[in-house]
Amino acid sequence: MTRKTAGKVILVGAGPGDPGLLTVRGAEALREADVVLYDRLINPEILAIARAETTLIFVGKPAHPQDVRLASGHIQAEIHRLLIEHARAGKVVVRLKGGDPFVFGRGGEEIQALVEAGVAYELVSGVSSAIAVPAAARIPVTHRQLANSFAVFAGQEAAGDAIPWAAAAAMPTAIFLMGVQRLPEIVKQLIVHGRDPLTPVAIISQGTLPEQVEVTGTLADIVGLSGHVAAPAVIVVGQVVELRDSLTSRESAGNVP
């Protein structure tokens with residue numbers, strides 16, 4: 001009797017949304033997969049790369065549950081169970097996550113669970129929305145004259161103690177992911193901790209996709225200007241936002257979202 005080959009899990013970063021920003025190795029892994037566990041914001045065009053016989057399992061967390069931490073905890077435990085179960089059955093399992101698995105993607109937690117269970121894994125990094133989405137809006141996160149450093153924060157934690165607000169306020173470029181619902185709190189805390197209310201701000205929704213929407217303003221007025229902006233969105237705070245218009249040439253203007 002032939003012994004069944006042991007399976008493995010491949011954690012794949014799907015990038016910020018545009019299928020063209022999926023890595024070559026990420027696409028290869030999807031074609032190899034017997035099972036794909038995917039998150040809420042994964043572009044259907046990326047899922048379509050998998051073979052027709054591949055089992056697709058949606059494991060996305062609720063967008064705005066009241067008890068988001070508790071709900072996420074329960075779902076995360078189920079994700080760990082499914083990854084281990086299918087890999088132990090000898091299958092190639094792709095865990096498909098938006099952006100990069102190690103940038104607010106809980107990829108570290110999932111790999112820890114796999115290691116503890118003795119399951120082989122591979123990590124395929126993805127293009128993080130923290131960099132790609134501002135770029136799609138013609139905003140460099142660093143610039144020699146304006147910003148020699150940047151930091152990325154999880155915006156949905158803005159009401160808690162997880163964000164070091166003094167550091168965020170002092171950063172030349174501060175980027176907040178998943179923070180649209182808490183924008184008023186983000187703005188308030190940055191100003192309270194010393195950021196100039198006239199600091200430029202950009203909010204980019206559906207970044208890198210044809211539906212991309214960009215709103216710019218300052219800390220003083222961005223909340224009022226962005227009421228129509230829907231998640232997912234990236235918030236960029238800093239002088240680099242002012243480069244947005246100057247980086248749009250006449251030739252390229254028609255091709256910029």
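- Across L183 and S226, no two heavy atoms sit closer than the pair CD2-OG, 3.2 Å.
- Across P140 and R138, no two heavy atoms sit closer than the pair CD-O, 3.7 Å.
- Looking at heavy atoms from C-beta onward, P184 lies out of side-chain contact with V187 at the 4.5 angstrom threshold.
- Separation of atoms CG (L82) and CG (L37) is listed at 5.5 Å; rounding is to 0.5 Å.
- Using a 4.5 Å cut-off between side-chain heavy atoms of Ile, Leu, Val, Met, Phe, Trp and Tyr, L41 forms no hydrophobic cluster with any other residue.
- Interatomic distance, Y121 OH to L83 CG, rounded to the nearest 0.5 Å: 13.5 Å.
- To the nearest 0.5 Å, atoms CD1 (I139) and CD1 (I131) are separated by 13.5 Å.
- Residue G7 comes nearest to A120 through the heavy atom pair O-CB, 4.3 Å, listed as atom of the first residue, atom of the second, then distance.
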- Please lay out, stage by stage, how V241 and V201 fare under the test side chain to side chain contact (heavy atoms under 4.5 Å, CB included). CA-CA 6 Å; V241 172; V201 181; 5.8 Å; no

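- A chain of hydrophobic side-chain contacts below 4.5 Å, direct or via other Ile, Leu, Val, Met, Phe, Trp or Tyr residues, connects V9 to I79.
- The structure places OG1 of T199 at 12.0 Å from CD1 of I222, a figure rounded to the nearest 0.5 Å.
- Two residues are said to be in side-chain contact when any heavy atoms from C-beta on lie closer than 4.5 Å; F102 and I111 meet this criterion.
- Between N148 and P172, some side-chain heavy-atom pair lies under the 4.5 Å cut-off.
- In summary, E32 and R25 engage in a salt bridge, as defined by a charged side-chain N under 4.0 Å from a carboxylate O.
- Under the 4.5 Å side-chain contact rule for hydrophobic residues, V237 and V192 do not share a cluster.
- Taking all atoms of both residues into account, the shortest heavy-atom contact from T208 to L21 is CG2-CD1, 4.0 Å.
- Among pairs with a residue in residues 50-59, those fulfilling salt bridge (Lys or Arg N to Asp or Glu O under 4.0 Å) read D34-R51, R51-E53, at least two apart in sequence or across chains.
- Side-chain contact between R95 and D39: present, with at least one pair of heavy atoms (C-beta onward) separated by less than 4.5 Å.
- Taking each heavy atom of A117 and I84 in turn, the nearest pair found is CB-CD1, 3.6 Å.
- L190 is listed as a side-chain neighbour of W165, based on a closest heavy-atom distance under 4.5 Å.
- Checked by atom type, the side-chain pair Q76/H80 shows a donor-acceptor distance below 3.5 Å.
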- Going through the distances and angles, do R81 and E78 end up as a salt bridge (charged side-chain N to carboxylate O under 4.0 Å, His left out)? CA-CA 5 Å; R81 186 190 69 78; E78 179 65 7; 2.6 Å; yes

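- For the atom pair CD of E110 and CG of L114, the computed distance is 7.5 Å after rounding to the nearest 0.5 Å.
- L11 is connected to V35 through a chain of hydrophobic side-chain contacts under 4.5 Å among Ile, Leu, Val, Met, Phe, Trp and Tyr, so both are in one cluster.
- Hydrophobic clustering (ILVMFWY, side-chain heavy atoms < 4.5 Å, transitive): F104 and V180 are in distinct clusters.
- Counting only distance, with no hydrogens or angles, the side chain of N43 and the backbone of G17 share a donor-acceptor pair below 3.5 Å.
- Taking a 4.5 Å side-chain heavy-atom cut-off between Ile, Leu, Val, Met, Phe, Trp and Tyr, the cluster of V92 extends to I10, V12, L22, L30, V36, Y38, I42, I46, L47, I49, L56, F58, V94, L96, V124.
- Nearest heavy-atom pair across I204 and A137 is CG1-CB, 3.7 Å.
- No side-chain heavy atom of L219 sits under 4.5 Å from any side-chain heavy atom of L198.
- A donor-acceptor distance shorter than 3.5 angstrom exists from the side chain of S205 to the backbone of A230, with no hydrogens or angles considered.
- M171 and I191 fall into different hydrophobic clusters, where Ile, Leu, Val, Met, Phe, Trp and Tyr residues are linked whenever their side-chain heavy atoms come under 4.5 Å apart, directly or through other members.
- With contacts defined as side-chain heavy-atom distances shorter than 4.5 Å, the pair Q239/P200 qualifies.
- Using modelled atom types and a 3.5 Å distance limit, the side chains of E185 and Q189 yield a donor-acceptor pair.
- Around atom CD of E122, more than 12 heavy atoms belonging to other residues, nucleotides or ligands sit under 6.0 Å away.
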- Task: Give the intermediate values and the outcome of side chain to side chain contact (heavy atoms under 4.5 Å, CB included) for residues S125 and T23.
- Result: CA-CA 8 Å; S125 296; T23 65; over 6 Å; no

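- Looking at heavy atoms from C-beta onward, V240 lies out of side-chain contact with F150 at the 4.5 angstrom threshold.
- Put simply, the side chain of T173 gets close to the backbone of V141: a donor and an acceptor are under 3.5 Å apart.
- Atom CG of D18 and atom CG of L209 lie 6.5 Å apart (nearest 0.5 Å).
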